[in-house]
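First the structure, in the form of structure tokens, and then the observations on it.
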Amino acid sequence: MNHNPQSSEVKVDDDAALSDFLASLMDYTPTIPDELVEHYLAKSGFQCPDVRLTRLVAVATQKFVAEVAGDALQHCKARQATIPKDKRDKQQKDKRLVLTMEDLSKALREYGVNLRHQEYFADSPSTGMDPASRDE
């Protein structure tokens, strides 16, 4: 059995750091509301009365969303860099970047989330039209 005094000190330090972190979650107001996190946790079958755990999930979710958004921004910038120069000059007057489903899909794919949107198929040309205008 290994009785290394340094390993027990590290464990105590880790426990103290974890306790401090969990205590700090009580004072933290996450971007994602507790009620929303609790709803999705309950929907997945998980219930815990400890608000610290709910906030921990909210912080992890916020971090994930921020990383995906940052990666999607990089994909957007890379996509715009491949636009031919004459079209890019016109777009540079308007400095806004537009997040596309393609950018988001590429970013999510890096995290193992495959996002595909369903193609829209109509049964007939009049599908989706106002019933009054179909009688032509």
Side-chain angles (χ1 to χ4, degrees):
M1 190 159 184
N2 188 1
H3 290 288
N4 187 351
Q6 288 182 338
S7 67
S8 64
E9 287 177 18
V10 171
K11 182 174 174 30
V12 170
D13 288 344
D14 287 347
D15 289 345
L18 180 60
S19 296
D20 290 345
F21 175 69
L22 289 175
S24 70
L25 287 174
M26 290 301 294
D27 299 328
Y28 178 72
T29 304
T31 304
I32 302 170
D34 291 341
E35 294 79 14
L36 183 65
V37 175
E38 288 170 357
H39 168 76
Y40 282 104
L41 286 175
K43 192 172 181 179
S44 68
F46 183 82
Q47 292 180 346
C48 181
D50 192 353
V51 72
R52 297 175 301 175
L53 186 62
T54 303
R55 290 191 179 158
L56 182 62
V57 171
V59 169
T61 304
Q62 181 178 340
K63 181 181 184 303
F64 176 74
V65 169
E67 288 179 359
V68 169
D71 290 348
L73 175 64
Q74 295 307 315
H75 286 291
C76 178
K77 288 179 178 179
R79 178 178 44 83
Q80 288 191 341
T82 62
I83 295 174
K85 186 173 175 145
D86 57 337
K87 288 184 180 179
R88 193 179 325 139
D89 289 341
K90 291 177 186 176
Q91 287 182 346
Q92 285 192 356
K93 292 177 184 174
D94 184 19
K95 300 257 184 201
R96 293 181 296 175
L97 298 173
V98 177
L99 176 67
T100 64
M101 285 297 292
E102 180 184 344
D103 300 328
L104 186 58
S105 295
K106 286 180 181 178
L108 284 169
R109 201 172 305 129
E110 293 174 10
Y111 294 92
V113 178
N114 293 321
L115 181 68
R116 289 179 285 175
H117 60 282
Q118 180 97 14
E119 296 293 328
Y120 178 75
F121 294 105
D123 296 330
S124 68
S126 63
T127 301
M129 292 177 59
D130 184 32
S133 63
R134 286 188 197 171
D135 299 330
E136 295 179 352

Exercise. Could you check if a side-chain atom of E110 sits within less than 4.5 angstrom of a side-chain atom of H75, using non-hydrogen atoms only?
Key: yes

Quiz item: Any Lys/Arg nitrogen of K106 or E102 sitting under 4.0 Å from an Asp/Glu carboxylate oxygen of the other?
Solution: yes

Practice problem: For D50, check side chain to side chain donor-acceptor pair (under 3.5 Å) against everything at least two apart and list the hits. | Solution: R52

Self-check item: Gap separating the OG atom of S19 from the CG atom of D14, nearest 0.5 angstrom
Solution: 10.5 Å

Self-check item: N/O donor-acceptor pair under 3.5 Å between R55 side chain and M26 backbone
Solution: yes

Quiz prompt | hydrophobic_cluster_shared for L22 and V37, side chain cutoff 4.5 Å | solution = yes

Self-check item: Least distance between heavy atoms, N114 atom then R109 atom
Solution: OD1-CG, 3.7 Å

Quiz item: Cluster question for you: counting only ILVMFWY and a side-chain heavy-atom cut-off of under 4.5 Å, with indirect links fine, are V57 and V51 together?
Solution: no

Quiz item: Is it true that L36 and Y28 fall in one hydrophobic cluster, defined by side-chain heavy atoms closer than 4.5 Å?
Solution: yes

Quiz item: About how many Å separate CG of D20 and CG of D15, when rounded to the nearest 0.5 Å?
Solution: 11.0 Å

Quiz item: Taking all non-hydrogen atoms of both residues, which atom of L99 and which atom of A72 are closest, and how far apart?
Solution: CD1-CB, 3.5 Å

Self-check item: side-chain contact (heavy atoms from CB on, under 4.5 Å) between V68 and L108, worked out
Solution: CA-CA 6 Å; V68 169; L108 284 169; 3.7 Å; yes

Self-check item: F64: ring-ring contact (aromatic ring centres under 6.0 Å, His included) partners, not counting sequence neighbours
Solution: Y111

Quiz item: Is L25 close to V59 at the side-chain level, that is, under 4.5 Å between some pair of heavy atoms?
Solution: yes

Quiz prompt | Sub-4.5 Å side-chain heavy-atom contact between D103 and Q74 | solution = no

Practice problem: Find out if a path of hydrophobic residues (ILVMFWY) with successive side-chain heavy-atom gaps under 4.5 Å connects F21 to L53. | Solution: yes

Exercise. Starting at SG of C48, measure out to CG of L56 and round the result to the nearest 0.5 Å.
Key: 10.5 Å

Quiz item: So which pairs with a foot in residues 36-48 pass side chain to side chain donor-acceptor pair (under 3.5 Å), sequence neighbours left out?
Solution: none

Self-check item: Non-hydrogen side-chain atoms of F46 and T54 separated by less than 4.5 Å
Solution: no

